[in-house]
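These notes concern the structure reproduced below.
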Amino acid sequence: MKPSLPQGTRDFAADTLRRRRYIIETIKNVFELYGFEPLETPSMENLETLMGKYGEEGDKLIFKILNNGLDNPAKKESALLNFEHILAGKNNKQITERALRYDLTIPFARYMAMNSGKLTIPFKRYQIQPVWRADRPQKGRYREFMQCDADIAGTYSLISDIELAEIYIDVFKRLKIEVDVKLNNRKILYALAEVTGSVDNINALTIAIDKLDKIGIKKVKEELASAGFSENNISLIEKYITIDGTNSEKLEKIEAIVGKTESGKKGIKELQFMLDYLNNSLSEDSKQTINIDFTLARGLNYYTGTIYEVKAKNVQMGSIGGGGRYDDLTGLFGVPDMPGVGISFGLDRIYDVMEELNLFPENINQPTEVLFFNLGEKESKHAFKLMQEMRHNNISCELFYENSKLDKQFKYASRKNIAHVVIIGSKEMEEENCVVKDLAKGEQKSIPENELLKYFNKLSLRF
RNA sequence: GUGGUUGUAGCUCAGUUGGUUAGAGCAUCAGAUUGUGAUUCUGAGGGUCGUGGGUUCGAGCCCCAUCAUCCACCCCA
């Protein structure tokens with residue numbers, strides 16, 4: 001059998017993994033700075049936990065797990081019958097009742113619903129785990145990818161929404177990625193639907209305007225027309241989506257369009273509140289990265305208030321983060337009145353962006369620091385003891401396993417990017433010293449054995 | 001889910017309108033030299049041409065299917 005990987009999945013070798021961990025650590029550190037606590041949930045959920053939460057398209061992209069025991073001959077007939085339901089596009093518990101998680105928000109909601117009595121409310125959790133989607137892979141899109149989520153559940157306070165925006169800014173500043181953090185509010189989108197009499201058709205409306213920066217105003221209008229919007233409404237929508245200026249100018253202009261409806265008023269007020277806080281706390285630089293964008297819609301249909309989306313500048317890539325406020329997430333699981341707000345970082349896309357823009361620090365790899373050469377039986381035994389002493393003092397070392405020719409041992413060191421080699425041959429053993437060579441500089445010196453540890457400690461190779 | 005691209009040695013690729021034993025560079029391994037490495041020289045191994053069918057006297061090349069890849073759409077991180 002020829003080994004291969006399932007579509008859209010990847011192995012990660014050391015170099016990649018170290019860089020991924022660098023990003024994860026950065027995100028994790030910021031999450032913890034803001035008081036979030038870690039949580040992990042199983043890779044699979046009951047199918048009914050996930051179905052219907054991500055819209056029709058989303059349901060199709062959920063990886064479903066086939067039940068065991070379907071090959072039981074005694075149940076063949078009912079299995080065939082049940083499979084008919086699957087073919088008809090319906091789910092059937094007898095065939096599949098579990099699925100791989102599609103995101104981290106719904107599992108979190110499920111967890112909240114199951115533990116609402118025990119948790120300290122508001123509950124702030126972060127979760128960094130892979131998710132799976134049965135999408136066709138393409139640039140920046142994988143079937144297995146890592147999400148890094150932070151959610152706050154149990155408060156309507158917009159301070160939590162504001163904190164999440166700050167987290168986006170902090171993380172990307174630390175990673176040195178220039179970003180555009182887009183902000184909108186679902187209530188404003190809803191208000192637009194109201195004033196254009198398309199509340200029932202809000203999905204078509206949001207999908208169309210969300211595409212503005214991709215397909216342009218003309219095509220958006222065409223799409224609206226074919227979705228049945230009247231000319232009057234289309235020109236109103238055009239006014240809406242072409243609003244420009246500074247953030248506060250945008251808020252002023254939107255007033256004229258949706259300011260008369262209840263939800264419009266509310267949405268504007270909420271955004272205004274957030275902006276006031278952000279303008280007060282952010283540095284001048286960071287203020288520029290926050291941008292109100294009324295065309296931002298986001299597909300997930302459980303959002304009800306603030307919505308976020310982050311795009312990297314100077315690179316062609318889908319959004320590298322997104323999130324929003326949902327005022328009733330656990331309601332679906334029988335626990336009412338549990339509002340929340342959350343954001344997600346797309347690790348894999350962040351990685352791709354950093355790779356493309358060359359943003360990873362040089363010294364991110366922490367290979368072995370010292371390689372002890374193997375120059376024979378007695379010599380290696382002696383070297384081994386010295387090496388263990390170094391290891392116990394947190395210096396990562398290796399001893400070459402075979403007594404091979406020196407050039408082979410040198411090659412191993414340079415291929416593994418090991419900075420120093422220690423050579424102990426019979427001469428050195430007699431004289432109780434060793435030769436330390438810096439491979440990058442090509443310099444070497446003789447050091448007494450008992451000063452070896454001190455020597456490397458001084459170099460303080462770790463960062 | 002729809003459409004297209006690509007798949008030849010460990011890696012990057014070449015391979016004429018179908019025509020004998022499928023090539024190169026790099027890498028690998030062995031040997032030649034030095035108790036001190038990215039140099040040089042010599043030699044070697046390694047491919048059921050993604051997989052399975054078909055057309056043909058003959059297929060790496062043509063046809064079909066399938067798997068994977070990259071990309072666009074849909075949607076999304």
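By convention in this document, chain letters (A, B, ...) are assigned in the order of the sequence lines, proteins followed by strands, and residues within each chain are numbered from 1. Since this is a predicted model, take the numbers as computed values, not measurements.
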Applying the Watson-Crick and G-U criteria (both distances under 3.5 angstrom) with [ ] for crossing and | for other-strand pairs, one obtains for RNA chain B ((((.((..((((.....[...)))).(((((.......))))).....(((((..]....))))))).))))....
The nucleotide from rG3(B), rU36(B), rC76(B) with an atom nearest the side chain of Arg136(A) is rG3(B)
Pick base, sugar-phosphate or nothing for Lys214(A), based on heavy-atom distances below 4.0 Å to the nucleic acid. base
Please work out if Gly8(A) contacts a base, only the sugar-phosphate, or nothing of the nucleic acid, heavy-atom cut-off 4.0 Å. sugar-phosphate
Nucleotide nearest Ser426(A) (side chain, heavy atoms from C-beta), chosen from rC73(B), rA77(B), rG35(B): rG35(B)
From C-beta outward on Leu439(A), which listed nucleotide comes closest to its side chain: rU36(B), rC75(B), rG37(B)? rG37(B)
Using salt bridge (charged side-chain N to carboxylate O under 4.0 Å, His left out), reason through Arg325(A) and Asp327(A) one step at a time and then give a plain yes or no. CA-CA 6 Å; Arg325(A) 171 165 283 279; Asp327(A) 278 344; 3.6 Å; yes
Only distances under 3.5 Å count here; give the side-chain donor-acceptor pairs of residues 202-212 of chain A to other protein atoms, sequence neighbours excluded, each with its distance to 0.1 Å.
from      : atom 1 : to        : atom 2 : distance (Å)
Thr206(A) : OG1    : Ile202(A) : O      : 3.1
Thr206(A) : OG1    : Asn203(A) : O      : 3.0
Asp210(A) : OD1    : Ala297(A) : N      : 3.3
Lys211(A) : NZ     : Glu223(A) : OE1    : 3.4
Lys211(A) : NZ     : Glu223(A) : OE2    : 2.7

Just to be sure I understand the rule, does Gly318(A) reach a base, reach only the sugar-phosphate, or reach nothing, if contact means heavy atoms closer than 4.0 Å? nothing
Among the nucleotides rA72(B), rA77(B), rG35(B), which one has an atom lying closest to any side-chain atom of Arg298(A)? rA77(B)
Given rA77(B), rC74(B), rG35(B), the nucleotide with the shortest approach to the side chain of Glu57(A): rC74(B)
Heavy-atom protein contacts under 4.0 Å, nucleotides 29-34 of chain B, coded B base, S sugar-phosphate only, - none: ------
Among the nucleotides rG35(B), rA77(B), rC75(B), which one has an atom lying closest to any side-chain atom of Lys211(A)? rC75(B)
Heavy atoms under 4.0 Å, any strand shown: does Gly321(A) hit a base, just sugar-phosphate, or nothing? sugar-phosphate
Any side-chain donor paired with an acceptor under 3.5 Å for Arg136(A) and Gln138(A)? no
Counting side-chain heavy atoms from C-beta on, which of rG35(B), rA68(B), rC73(B) comes nearest to Leu375(A)? rG35(B)
When Glu379(A) and Phe345(A) are each assigned the nearest nucleotide of RNA chain B, the 5'-most assignment goes to Glu379(A)
Ignoring the backbone of Ser319(A), work out which of rA77(B), rA72(B), rC75(B) is nearest its side chain. rA77(B)
